[in-house]
Structure formats: structure tokens, C-alpha cells
Amino acid sequence: QVQLVESGGGLVQAGGSLRLSCAASGSFFRINAMGWYRQAPGRQRDLVADITSDGSSNYADSVKGRFTISRDSAKNTVYLQMSSLKPEDTAVYYCNARVVLSTTPLRFLEVWGQGTLATVSS
């Protein structure tokens, strides 16, 4: 029904930047919220940032001031601009979306992308 495809990961040196993109496709009425999570080897998946349809966003404390989340509703796409990257940011980054599948009754679907790897070297 709904798919998310991430892109933009890669290898950068500490202090560098990456811009991640996530595009949603499929059949749905609208997307209520989109966000980014990350998971390092042997660690649980943690929220990085998310953004709602009205533009409200929130960030993990560890990335505030360095990362910026944005979205293009017309393209059903969310972005994560990552700057001043640190080795601790190395992880697989997963896109997440909460989509509205139906309104009668109201029904949501939580969707995850396949992940994109960002590696930050010292």
C-alpha cells in the first residue's frame, strides 16, 4: 500500500554534511507525520527528528543545532540535513511515516523505509 525509499547516505569525514531524502509512494489520503530514526550496530533504534503536517518538528538532544528536518508535502518527501557530523552519528538512518489510509473509519498506517547508511570517519 505504502512504501518509503531513503537515499543520501554515504561516507563523510567529521565536520562534513549529508542530506538524506525519503520519498513516500502508494495509495493513501495524506501523511500526518514523517520522521527519521537511526540505529547503530548493537543499539536500539532512536528518534532523530520528526515533523508534522503543520510544520512542527522536534529533535533528539544530541542533534539539535546540527540537523534540520524539512518536508515537501507536494512531493511526499521528507529531508534531513545533517551538518557538523560526528563519528557518533554513524548509523543506519530509517525514514518513518504515519499515513492516513482511510477516514471512515479513520485508520493510520505506520510505515518504515529500508534504511540508508551514514558513516562519519574521524
Donor-acceptor pair, side chain of [X] and main chain of [Y], under 3.5 angstrom:
X    : Y    : value
S83  : S17  : no
R71  : T77  : no
E6   : C95  : yes
S56  : D54  : no
S102 : P105 : yes

Notebook entry, point to check: Where do A49 and L80 come nearest, in terms of heavy atoms and distance?
Noted result: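 Closest heavy-atom pair between A49 and L80: CB-CD1, 4.4 Å.
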Next item on the list: Please report the closest heavy-atom contact between L18 and V12, naming both atoms and the distance.
Entry: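 The pair with the smallest heavy-atom distance is CD2-CG1, 3.5 Å.
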Indicate if [X] and [Y] have the same hydrophobic cluster label, given that clusters are the connected sets of ILVMFWY residues with side-chain heavy-atom separations under 4.5 angstrom.
X    : Y    : result
Y79  : I31  : no
V92  : M82  : no
M34  : V100 : no
F28  : I51  : yes
V120 : V48  : yes

Item checked: Heavy-atom side-chain contact between L20 and V78 under 4.5 Å ->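 Side-chain contact under 4.5 Å: no.
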Item checked: Side chain proximity check, F29 to V99, heavy atoms < 4.5 angstrom ->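 Counting from C-beta outward, F29 and V99 never come under 4.5 Å.
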Next item on the list: Apply the test side-chain contact (heavy atoms from CB on, under 4.5 Å) to residues Y59 and T68: give CA-CA distance (whole Å), side-chain angles for both, the deciding distance (0.1 Å), then the verdict.
Entry: CA-CA 9 Å; Y59 298 85; T68 302; 3.9 Å; yes
Note to self: Taking CD in Q81 as the centre, count heavy atoms belonging to other residues, nucleotides or ligands within less than 6.0 Å. Is the count above 12?
What the structure shows: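 Enclosed: over 12 neighbouring heavy atoms sit under 6.0 Å from CD of Q81.
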Next item on the list: Take atom CD of Q13 as the centre, draw a 6.0 Å sphere, and report whether it contains more than 12 heavy atoms from other residues, nucleotides or ligands.
Entry: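 Counting other residues, nucleotides and ligands, CD of Q13 stays at 12 neighbours or fewer.
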Nearest-0.5 Å distance, [atom1] of residue [X] to [atom2] of residue [Y]:
X    : Y   : atom1 : atom2 : value
Q114 : C22 : CD    : SG    : 8.0 Å
S21  : L4  : OG    : CG    : 12.5 Å
R38  : E88 : CZ    : CD    : 8.5 Å

Item checked: Derivation and outcome, side-chain hydrogen bond (donor to acceptor under 3.5 Å, both in side chains), residues Y37 and R45 -> CA-CA 6 Å; Y37 292 71; R45 189 173 300 182; over 6 Å; no
Margin query: Distance alone, cut at 3.5 Å: any donor-acceptor contact between the side chains of E110 and N96?
Written below: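 Present: a donor and an acceptor within the cut-off.
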Check: Under 30°, 30 to 60°, or over 60°: which ring-plane class applies to W112 and Y94, parallel, tilted or perpendicular?
Finding: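 Judged by the thresholds at 30° and 60°, the geometry between W112 and Y94 is perpendicular.
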Next item on the list: May I have the step-by-step check of side-chain contact (heavy atoms from CB on, under 4.5 Å) for L117 and L11, ending in yes or no?
Entry: CA-CA 8 Å; L117 176 64; L11 174 64; over 6 Å; no
Notebook entry, point to check: Do K86 and D89 meet the salt-bridge criterion of a basic N to acidic O distance under 4.0 Å?
Noted result: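 So D89 does not pair with K86 through a salt bridge.
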Next item on the list: Would you kindly check if the NZ (Lys) or CZ (Arg) of R98 is within the cone defined by 45 degrees around the ring axis of F108 and under 6.0 Å from the six-membered ring centre?
Entry: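 Because its charged atom sits under 6.0 Å from the ring centre and within 45° of the axis, R98 does stack over F108.
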